[in-house]
Amino acid sequence: MQLSDKSRTLPRLHLAGTLLLVTLLTLFLSGFFTWQKIHEHNASIQRIESSALQQLQQRLRREMLAIRADIDYTQTQTEVELRLRLTEMVDLAWTLATSLYQQQRYTLNEADLRRTIIEGLRPLRFFEGRGYYFIDEMNGRFILLPTAPEFEGQLLPDNQDDTGHYIMQGLIEAARLPVGEGFSAYRWYRPDDAERMADKLAYVRYFEPFDWLIGAGDYTYEWEKDLQQQLLTQIRNRRIGETGYTAVINTEGQVLLSLDSQHLEQQPIQSQSELEQAAIVQMLETAAEGGGFIRYPWPNPVTGEHSWKTALVEPAGHWNWILISTIFEDEVRDLLKDEVQAFEASASHNWHTYLTAIVISLLLALMASLLFSRWSSGLFRAYHAELSAQREALKRKADELALSESNIRHLAFHDALTGLANRRLLIDRLQQQLRQNQRNADFGALLFIDLDNFKTLNDTLGHDKGDELLRQVAHRISFCVREEDTVARFGGDEFVVMLGCLSRDEADAAARARIVAEKILTTLRQEYQFDGQHYFSTPSIGITLIHGNAIADELLKQADLAMYKAKDAGRNCLYFFDPAMQQALSARAQMESELRVALQQEQLLLYYQPQVDAAGVLTGAEALVRWQHPQRGLVAPAEFIPVAEASGLILPLGSWVLQQACKQLSVWAKTPGLSDLSISVNISAHQFKQPGFADEVLALVKHFQLVPQRLKLELTESLLIDDMAFSIERMRFLKQQGVGFALDDFGTGYSSLAYIKQLPLDQLKIDRCFIDGLPEDPNDAAITRIIISLANELNLWVVAEGVETEAQRDFLQAIQCPGYQGYWFGRPVPAAEFRQQALNRKQE
Ligand SMILES: Nc1nc2c(ncn2[C@@H]2O[C@@H]3COP(=O)(O)O[C@H]4[C@@H](O)[C@H](n5cnc6c(=O)[nH]c(N)nc65)O[C@@H]4COP(=O)(O)O[C@H]3[C@H]2O)c(=O)[nH]1
């Protein structure tokens, strides 16, 4: 099938959507991973940088550690060296004093000997002139003090240095026995500045002959100064990378060692540039805080530009040195650059691989989604095609259903043959009209139309023609009324017209209704044509006025009644319903309820009217029902049978009659003289059509052990014609069982040979209306004669009904009528009376 635009657009949109989605997804994922990779790349470079920095710091730290170890070593070596040299010097003096003493003790007196030793030691100098010997008595008297001879001879056991240390006592204590030698540290006036003291270490040895101590000492700073120079030389020779080294400043900020700024060494601080001073201040502050890493700009000795340096600053212990292991960052950066370049070279390769992978995966994803999309589009098209087919089928079904529904609705409220409203629709509209008229106080009219002799047409021309007539009648009636009026077919040849609002004045409304009714009368009287055949039909119209308080059913009954009145008035006319009719209606309703009671209370009686043959011999009787009304006395069937038929009471009534007649027949069968009589029973159309009717009849025959041929069921022409096939079948069935049939009121209806031939009849009953005119009326005489000859032809028994006079009997005898019934032979009488009359007749 042809796909709609949407069915093509949707797969395209689906394809585009899928491609877009896959592309976006791939781009998003690749973007995400790219971002992650860049992030990792930067992190790696940062790691390299931080690792390089750490390595640099490590290196600076190692360098610093090494130098500090050197310093520590040198510091410890200083004291060891000093002690060693002092010991050598003092041992030398003591040996000299001892040898002088040994040599001169016997030659010199003690005082001279003392002097010899003292003066022998006085001029001796060592330690680059700074070193000399001193001699003290063990009680604290100065004996020899070449740097301050004015103190010699003084007893100063309690002299103190600037820290409060007792100098003399310290020396005596060191030389005291039993060890007799030792070191003592104290502070003494500096040779270059007599106002200031400096640390000094002395070695003393006890000289027993005179209870002396001989000692020598030196300022430790002098020793340190040398060693510091050595150390600075050592440090100067050390390098950290290309540009790194360890600089030394003192706590005053004076530069002691700076490889790349040697011009600053030993120079006053004021000679430093601002930049250098700022860096040195930063170093001093860092050192004061215990040390740490710093960055600072410094002139590059190669380029002359200021470059950043990283340095580890640490104070150097008890010297006032500050060590700065420093390096230009450019050198580190250069190193780093190599590493980063190596890393980026490998990363760049990875990037190529990565981007290639992204492009390939994007292409693969696009291809896959393209293929998938094509596949799903195919599926979608197939699905769409199936859906369209189903939708079409559903639409067809829905249309059919809608059509059926509207047909059903139409059928439910319309007559199939004419298309007019049916009874239900009319009643519905009538009820609406009544409500409306009640509000408006308007009068309308209901016209009940019945076609005269329609059944004759139907029978003679056939049902097709009958239907055609009904269609034409419907059309003509519709033509006579306004659009808002309702024309309905009530079934058969009955039509009802509702003229909704005619006038507020009752008389005026009646006049208007009459005009419409006459128009319909005139129209329907016109000639009808069927296939070139001409036909005339006349209607009878009953009219009643619609007013607000009325009840729909009542109005219909009134119109119906009026229509019957029109028929009674000779047909082909219209008749207005009047109150007398209403009374009749009420009386009829009352009769219906009383009839119910009558059936229950067995107020019904069965009379029997004799039937005789041409010789006057009794052949049977017709059973005729009577109603023994408690107030009205005996009521004739002509009054209550129509009511029984209209109300359905005819069924129990008919059953009762049939049962009574059969019972009577069985009684007569056992009664001598009456045993060969038959009984005719009137059967109404309703009763005959009951499903169980045949069984009921046969059951009674069986129950009362009747000879079935003696039971004759009287049927009317209209009953049989109504459904011929059914009638024939039912009659034949009963006929096979022996039950007889008589056709009642023959001649009043269609009297068609066509059906009489088919019916399994036993007799025809000529209607009383033909007998009435006998023998004078030539028409009645002719009809009677024809019926009798027809019956002879068909081998049927004939009973002439309503024979009242001798002349009638004679005429009938003359034309060889075989059966008779009428007042001339006997009126309908109760069974007992009939029995008596019958027996009397026999005896005669
Ligand atoms: N003027 C006159 N009348 C005569 C004469 N001879 C007989 N009749 C009357 O003619 C009627 C004959 O009965 P039908 O045609 O079957 O007409 C019957 C029949 O159609 C019906 N009918 C009576 N009894 C029953 C019944 O038990 N069942 C049914 N379905 N209809 C019944 O009621 C109709 C009238 O019955 P009835 O009043 O009994 O009237 C009876 C009878 O009394 C006569 O010489 N002159």
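Treat the numbers as computed from the prediction; the structure is a model and nothing was measured. When reading the values below, keep in mind they use all heavy atoms of this one structure, side chains included, and skip hydrogens, waters and symmetry mates.
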Report task. Carefully, step by step, assess Trp308 and Phe328 under the rule side chain to side chain contact (heavy atoms under 4.5 Å, CB included). Result -> CA-CA 6 Å; Trp308 282 90; Phe328 278 105; over 6 Å; no
Is a donor from one side chain sitting under 3.5 angstrom from an acceptor on the other, for [X] and [Y]?
{"X": "Tyr245", "Y": "Ser258", "answer": "yes"}
{"X": "Glu63", "Y": "Ser325", "answer": "no"}
{"X": "Tyr296", "Y": "Thr326", "answer": "yes"}
{"X": "Asp161", "Y": "Trp188", "answer": "no"}
{"X": "Arg47", "Y": "Ser50", "answer": "no"}
{"X": "Glu289", "Y": "Thr286", "answer": "no"}
{"X": "Ser261", "Y": "Trp298", "answer": "yes"}
{"X": "Glu276", "Y": "Ser273", "answer": "yes"}

**Report entry** Criterion side chain to side chain contact (heavy atoms under 4.5 Å, CB included) on Phe183 and Thr87, from CA distance to verdict
**Finding:** CA-CA 9 Å; Phe183 292 93; Thr87 308; 3.3 Å; yes
What is the distance from atom [atom1] of [X] to atom [atom2] of [Y], rounded to the nearest 0.5 Å?
{"X": "Trp321", "Y": "Thr251", "atom1": "CH2", "atom2": "OG1", "result": "12.5 Å"}
{"X": "Ile294", "Y": "Glu285", "atom1": "CD1", "atom2": "CD", "result": "9.5 Å"}
{"X": "Lys309", "Y": "Ile324", "atom1": "NZ", "atom2": "CD1", "result": "9.5 Å"}
{"X": "Thr246", "Y": "Leu323", "atom1": "OG1", "atom2": "CG", "result": "7.0 Å"}
{"X": "Gln254", "Y": "Leu264", "atom1": "CD", "atom2": "CG", "result": "10.5 Å"}
{"X": "Gln230", "Y": "Lys225", "atom1": "CD", "atom2": "NZ", "result": "14.0 Å"}

For [X], does the [atom1] atom sit with more than 12 other heavy atoms under 6.0 Å from it, leaving out its own atoms?
{"X": "Glu274", "atom1": "CD", "answer": "no"}
{"X": "Glu208", "atom1": "CD", "answer": "no"}
{"X": "His263", "atom1": "NE2", "answer": "yes"}
{"X": "Phe151", "atom1": "CZ", "answer": "no"}
{"X": "Glu305", "atom1": "CD", "answer": "no"}

Between [Y] and [X], is there a salt bridge with N-O shorter than 4.0 Å?
{"X": "Asp218", "Y": "Lys200", "answer": "no"}
{"X": "Lys395", "Y": "Glu392", "answer": "no"}
{"X": "Glu314", "Y": "Arg68", "answer": "yes"}

Taking the side chain as every heavy atom from C-beta outward, state whether [X] and [Y] have any pair of such atoms under 4.5 Å apart.
{"X": "Leu284", "Y": "Ile249", "result": "yes"}
{"X": "Ile322", "Y": "Val248", "result": "no"}
{"X": "Glu79", "Y": "Thr220", "result": "no"}
{"X": "Asn300", "Y": "His306", "result": "no"}
{"X": "Leu124", "Y": "Tyr132", "result": "no"}
{"X": "Asp112", "Y": "Asn109", "result": "yes"}
{"X": "Asp70", "Y": "Ile235", "result": "no"}
{"X": "Thr98", "Y": "Gln102", "result": "yes"}

Report task. Given salt bridge (Lys or Arg N to Asp or Glu O under 4.0 Å), test Glu110 with Arg115 step by step and report yes or no. Result -> CA-CA 9 Å; Glu110 187 180 330; Arg115 198 171 299 111; over 6 Å; no
Report task. Report the relative orientation of the aromatic rings in Phe210 and Tyr101; use parallel for angles under 30°, tilted for 30 to 60°, perpendicular for over 60°. Result ->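 If you compare the ring of Phe210 with that of Tyr101, the planes turn out perpendicular.
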Using residues 164-180 as the side-chain source, report each donor-acceptor pair under 3.5 Å to any protein atom, sequence neighbours left out, with the distance given to one decimal.
| residue | atom | partner | partner atom | Å |
| --- | --- | --- | --- | --- |
| His165 | NE2 | Ala185 | O | 3.4 |
| Tyr166 | OH | Gln160 | NE2 | 3.4 |
| Gln169 | NE2 | Asp158 | OD1 | 2.8 |

Query raised in the report: Would Leu121 and Ile214 count as a side chain to side chain contact (heavy atoms under 4.5 Å, CB included) if you check the C-alpha gap in whole Å, the side-chain angles of each, and the deciding distance to 0.1 Å?
Result: CA-CA 10 Å; Leu121 294 178; Ile214 300 170; 4.2 Å; yes
Donor-acceptor check, side chain of [X] to backbone of [Y], threshold 3.5 angstrom: yes or no?
{"X": "Asn237", "Y": "Thr233", "answer": "yes"}
{"X": "Arg105", "Y": "Leu100", "answer": "no"}
{"X": "Asp136", "Y": "Gly140", "answer": "no"}
{"X": "Arg141", "Y": "Gln154", "answer": "no"}
{"X": "Trp212", "Y": "Met138", "answer": "no"}
{"X": "Ser271", "Y": "Gln267", "answer": "no"}
{"X": "Gln104", "Y": "Leu113", "answer": "no"}
{"X": "Gln234", "Y": "Ile67", "answer": "no"}
{"X": "Glu152", "Y": "Leu145", "answer": "yes"}

Do you know which two heavy atoms are closest between [X] and [Y], and how far apart they sit?
{"X": "Ile143", "Y": "Ile118", "answer": "CG2-CD1, 3.1 Å"}
{"X": "Met283", "Y": "Val313", "answer": "O-CG1, 3.4 Å"}
{"X": "Pro146", "Y": "Tyr133", "answer": "CD-O, 3.2 Å"}
{"X": "Pro297", "Y": "Ala279", "answer": "O-CB, 4.5 Å"}
{"X": "Ala198", "Y": "Arg190", "answer": "CB-CG, 3.4 Å"}
{"X": "Arg239", "Y": "Arg236", "answer": "NH1-O, 3.0 Å"}

Requested in this report: Output, in order, the C-alpha distance, side-chain angles, deciding distance and verdict of side chain to side chain contact (heavy atoms under 4.5 Å, CB included) for Arg61 and Leu312.
Outcome: CA-CA 7 Å; Arg61 231 180 239 118; Leu312 175 62; 3.8 Å; yes
Query raised in the report: What do the steps show when you test Glu386 against Arg391 for salt bridge (Lys or Arg N to Asp or Glu O under 4.0 Å), and what is the final call?
Result: CA-CA 8 Å; Glu386 195 182 322; Arg391 194 178 53 210; over 6 Å; no
Query raised in the report: What about Trp223 and Phe127, are their ring centers closer than 6.0 Å?
Result: yes
Requested in this report: Determine, step by step, whether Tyr186 and Asp199 satisfy the side-chain hydrogen bond (donor to acceptor under 3.5 Å, both in side chains) criterion, reporting the C-alpha distance in whole Å, the side-chain angles of both residues, the deciding distance to 0.1 Å, and the verdict.
Outcome: CA-CA 6 Å; Tyr186 56 93; Asp199 290 338; over 6 Å; no
